[in-house]
Amino acid sequence: MRIDEAFDDFQKSVNEDVGQTRLARERRDLFKRALISEPDVTEAFGSGSLRRSTQLKPINDVDIIVVYDAAQHSDWGTAGPRACLQMVSGGGSWSGDTSP
């Protein structure tokens, strides 16, 4: 067996099944459509291995980048990155806590 054939065989053994990959993309796209329909979201797009088609099995997550309208969230970031993440996840009001 030639080295390129061996690599192709190995790649087939670690790549996710085409059906599972398709399902992951459909679910990612469902989230993207839901996010982009929000009035304060300007853009949502896939990222990571699924976007680059380098996903391995099993697919445990999908990466989505969401861009919010800065004009609608002028107070975001004023209390630090942790506070911003808490607000996005519904974790409450700005506390000014910037600890990790």
Side-chain angles (χ1 to χ4, degrees):
M1 178 180 293
R2 295 181 6 204
I3 195 158
D4 58 333
E5 294 170 331
F7 182 77
D8 288 344
D9 285 347
F10 171 73
Q11 194 69 48
K12 288 175 188 172
S13 73
V14 297
N15 282 351
E16 183 57 272
D17 172 74
V18 173
Q20 290 297 317
T21 302
R22 185 175 300 119
L23 179 61
R25 286 194 172 115
E26 288 170 4
R27 290 177 176 173
R28 177 203 56 204
D29 293 344
L30 179 68
F31 274 97
K32 285 174 22 183
R33 284 191 301 275
L35 288 162
I36 201 67
S37 71
E38 293 297 316
D40 61 340
V41 174
T42 61
E43 192 175 0
F45 53 91
S47 180
S49 62
L50 193 61
R51 168 107 186 251
R52 292 186 311 270
S53 295
T54 58
Q55 70 282 346
L56 303 177
K57 61 180 164 185
I59 298 174
N60 293 314
D61 66 344
V62 295
D63 301 302
I64 300 173
I65 295 175
V66 181
V67 179
Y68 289 89
D69 183 353
Q72 293 192 43
H73 299 286
S74 60
D75 58 336
W76 281 16
T78 58
R82 181 179 179 89
C84 184
L85 287 173
Q86 287 173 335
M87 286 302 296
V88 171
S89 66
S93 63
W94 293 107
S95 65
D97 176 16
T98 58
S99 60

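Only this structure's heavy atoms are used, side chains among them; waters, hydrogens and symmetry mates stay out. Residues take their numbers from the sequence shown, with the count starting at 1.
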I want to check something: taking the side chain as every heavy atom from C-beta on, are [X] and [Y] in contact at a cut-off of under 4.5 Å?
{"X": "Q20", "Y": "L23", "value": "yes"}
{"X": "Q55", "Y": "N15", "value": "no"}
{"X": "V18", "Y": "R22", "value": "yes"}
{"X": "F31", "Y": "D29", "value": "no"}

Open item on the list: We want to know whether R28 and S47 form a side-chain donor-acceptor pair, criterion being a heavy-atom distance below 3.5 angstrom.
Closed with: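 Absent: no donor and acceptor within the cut-off.
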
TODO: Go through the steps to decide whether K32 and I64 satisfy the test side chain to side chain contact (heavy atoms under 4.5 Å, CB included), and finish with yes or no.
DONE: CA-CA 7 Å; K32 285 174 22 183; I64 300 173; 4.1 Å; yes

TODO: Identify the heavy atoms of V41 and Y68 that sit nearest to each other, and give their distance.
DONE: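 It is CG2-CE2, 3.7 Å.
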
Taking atom [atom1] of [X] and atom [atom2] of [Y], what is their separation to the nearest 0.5 Å?
{"X": "I59", "Y": "R27", "atom1": "CD1", "atom2": "CZ", "result": "10.0 Å"}
{"X": "M1", "Y": "D9", "atom1": "CE", "atom2": "CG", "result": "4.5 Å"}
{"X": "N60", "Y": "S49", "atom1": "CG", "atom2": "OG", "result": "10.0 Å"}
{"X": "D17", "Y": "K12", "atom1": "CG", "atom2": "NZ", "result": "13.5 Å"}

Open item on the list: Are I36 and V67 connected into the same hydrophobic cluster when the rule is that any two of I, L, V, M, F, W, Y join if their side-chain heavy atoms are below 4.5 Å apart?
Closed with: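 No, it is not one cluster - the side chains of V67 and I36 are not joined through contacts under 4.5 Å.
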
Open item on the list: Tell me whether L35 shares a hydrophobic cluster with F45, the cluster being built from Ile, Leu, Val, Met, Phe, Trp, Tyr side chains joined at under 4.5 Å.
Closed with: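 Shared cluster, no.
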
- [ ] Without swapping roles, check the side chain of S74 against the backbone of A71 for a donor-acceptor pair under 3.5 Å.
- [x]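 Absent.
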
TODO: Please say whether more than 12 non-hydrogen atoms of neighbouring residues, nucleotides or ligands are located less than 6.0 Å from CD1 in I3.
DONE: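 Atom CD1 in I3 is not crowded, with 12 or fewer foreign heavy atoms closer than 6.0 Å.
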
- [ ] List the steps, then state whether side chain to side chain contact (heavy atoms under 4.5 Å, CB included) holds for R25 with L50.
- [x] CA-CA 7 Å; R25 286 194 172 115; L50 193 61; 3.9 Å; yes

